[in-house]
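Heads up, the thing below is written out as structure tokens.
Every heavy atom of this structure was used, including side-chain atoms; hydrogens, water molecules and symmetry mates were not.
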Amino acid sequence: AVAAFGLGLGNHLTIVGLLPGAVAYVLVRDRRVVTGRVIAAAGVVMLVCLAQYGFIVLRTYQGAPFLESSATTLSELVGVVTAERFANQRFAFSLSTLLTVQVPGVAEVIRRELGTGGVLLVAAGLIAAARRRNLAAGLIVAAAGGMLVMVVNLQGDANGFITPVMALVWPIAGCGLDAAARWLHSFRLVLGVEASGRSLPSLRGIRLNAGYGLLAAAMVIPITNLLANYYAADQSANTDEGRVL
């Protein structure tokens with residue numbers, strides 16, 4: 001887990017938002033595993049993973065034909081890693097701006113990505129996780145929350161920033177789908193008898209049909225998103241960059 005986190009640091013520092021939830025999960029689950037040996041090993045792994053940033057220094061000295069950022073010293077490298085040039089676009093918002101602009105804006109992007117069905121499933125997942133005190137689900141919720149704290153404090157491409165958040169939000173929706181399926185399975189319905197003496201459909205049949213209906217409704221969400229995002233992301237007709245290269 002530490003290695004995966006360390007490698008992720010090479011992509012974007014928003015992954016730091018995972019730390020509070022991860023640390024809390026370990027301490028609540030079994031704090032006895034946090035030994036000096038484990039901490040030392042985790043530190044070594046993190047140093048090895050952070051060494052990937054040395055590639056920037058290497059390519060700078062090699063005179064690479066294209067460098068988005070260059071660094072020849074440790075201080076310059078730290079400036080690149082911490083996105084120093086974007087300092088005025090991160091964690092620079094007042095509380096009023098956060099509550100009235102950033103949070104609503106990011107929430108709207110997430111709502112649009114989830115759709116109405118996804119929002120309902122996420123709400124059901126949160127309720128189910130709280131009622132069942134599901135620690136694993138709690139980890140995912142905390143991780144998503146930590147990432148959201150990072151994202152709302154960044155100004156820029158909200159669609160891009162929420163990508164890792166959505167990877168955490170959808171499993172919560174999965175918890176909601178699971179909770180709905182469990183509820184349908186345990187649902188009890190008193191069946192009457194028609195005047196002619198013929199029995200109404202069996203409880204098992206009603207459960208089965210409801211289950212199929214739930215599955216069909218749930219499948220619409222990823223299929224719709226797949227089609228919408230495919231057409232939005234399809235760059236096969238964009239040959240300008242190829243011509244430039």
Side-chain angles (χ1 to χ4, degrees), residues 1-30 33 42 49 102-154 157-187 210-230 232-233:
V2 173
F5 174 82
L7 291 174
L9 283 172
N11 178 56
H12 204 281
L13 292 186
T14 49
I15 197 173
V16 172
L18 297 178
L19 274 180
V23 172
Y25 176 80
V26 171
L27 295 178
V28 172
R29 185 80 176 182
D30 186 3
V33 303
C49 291
Q102 292 297 108
V103 171
V106 172
E108 172 58 23
V109 174
I110 293 176
R111 185 208 64 77
R112 189 167 62 245
E113 286 294 316
L114 284 172
T116 303
V119 170
L120 293 175
L121 288 177
V122 168
L126 291 172
I127 295 171
R131 292 184 62 182
R132 296 169 61 188
R133 297 184 179 180
N134 188 324
L135 194 58
L139 171 62
I140 302 299
V141 172
M147 293 290 285
L148 274 174
V149 169
M150 299 292 291
V151 171
V152 297
N153 279 285
L154 298 173
D157 178 22
N159 287 294
F161 289 145
I162 69 161
T163 300
V165 178
M166 299 308 298
L168 294 165
V169 170
W170 277 114
I172 301 173
C175 290
L177 181 62
D178 176 69
R182 290 173 181 270
W183 180 81
L184 282 174
H185 182 71
S186 62
F187 187 64
Y212 281 142
L214 179 64
L215 177 62
M219 286 299 294
V220 168
I221 298 174
I223 291 173
T224 301
N225 284 354
L226 175 64
L227 293 174
N229 287 307
Y230 175 80

Point-to-point distance, once rounded to the nearest 0.5 Å, from [atom1] of [X] to [atom2] of [Y]:
X: L135; Y: I140; atom1: CG; atom2: CD1; answer: 10.5 Å
X: L139; Y: L18; atom1: CG; atom2: CG; answer: 8.5 Å
X: L177; Y: L120; atom1: CG; atom2: CG; answer: 12.0 Å
X: L7; Y: I15; atom1: CG; atom2: CD1; answer: 9.0 Å

Passing candidate, side chain to side chain contact (heavy atoms under 4.5 Å, CB included) with L114, options L121, N225, V122, V109: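 That would be V122.
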
Result of checking V152, V165, T163, V169 against M147 for side chain to side chain contact (heavy atoms under 4.5 Å, CB included):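 In the set V152, V165, T163, V169, the residue that makes a side chain to side chain contact (heavy atoms under 4.5 Å, CB included) with M147 is V165.
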
Which atoms form the tightest heavy-atom contact between [X] and [Y], and what is the distance?
X: G21; Y: A142; result: CA-CB, 3.7 Å
X: P20; Y: G17; result: CD-O, 3.5 Å
X: A3; Y: C49; result: O-SG, 3.7 Å
X: N159; Y: I162; result: O-CG1, 3.5 Å
X: A137; Y: A129; result: CB-CB, 3.7 Å
X: M150; Y: T14; result: CG-O, 3.7 Å

Exceeds 12 heavy-atom contacts within 6.0 angstrom, atom CZ of R112: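 Enclosed.
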
Steps toward side chain to side chain contact (heavy atoms under 4.5 Å, CB included) verdict (F161, V106): CA-CA 9 Å; F161 289 145; V106 172; over 6 Å; no

N153 (side chain) donor-acceptor with V149 (main chain) under 3.5 angstrom: yes

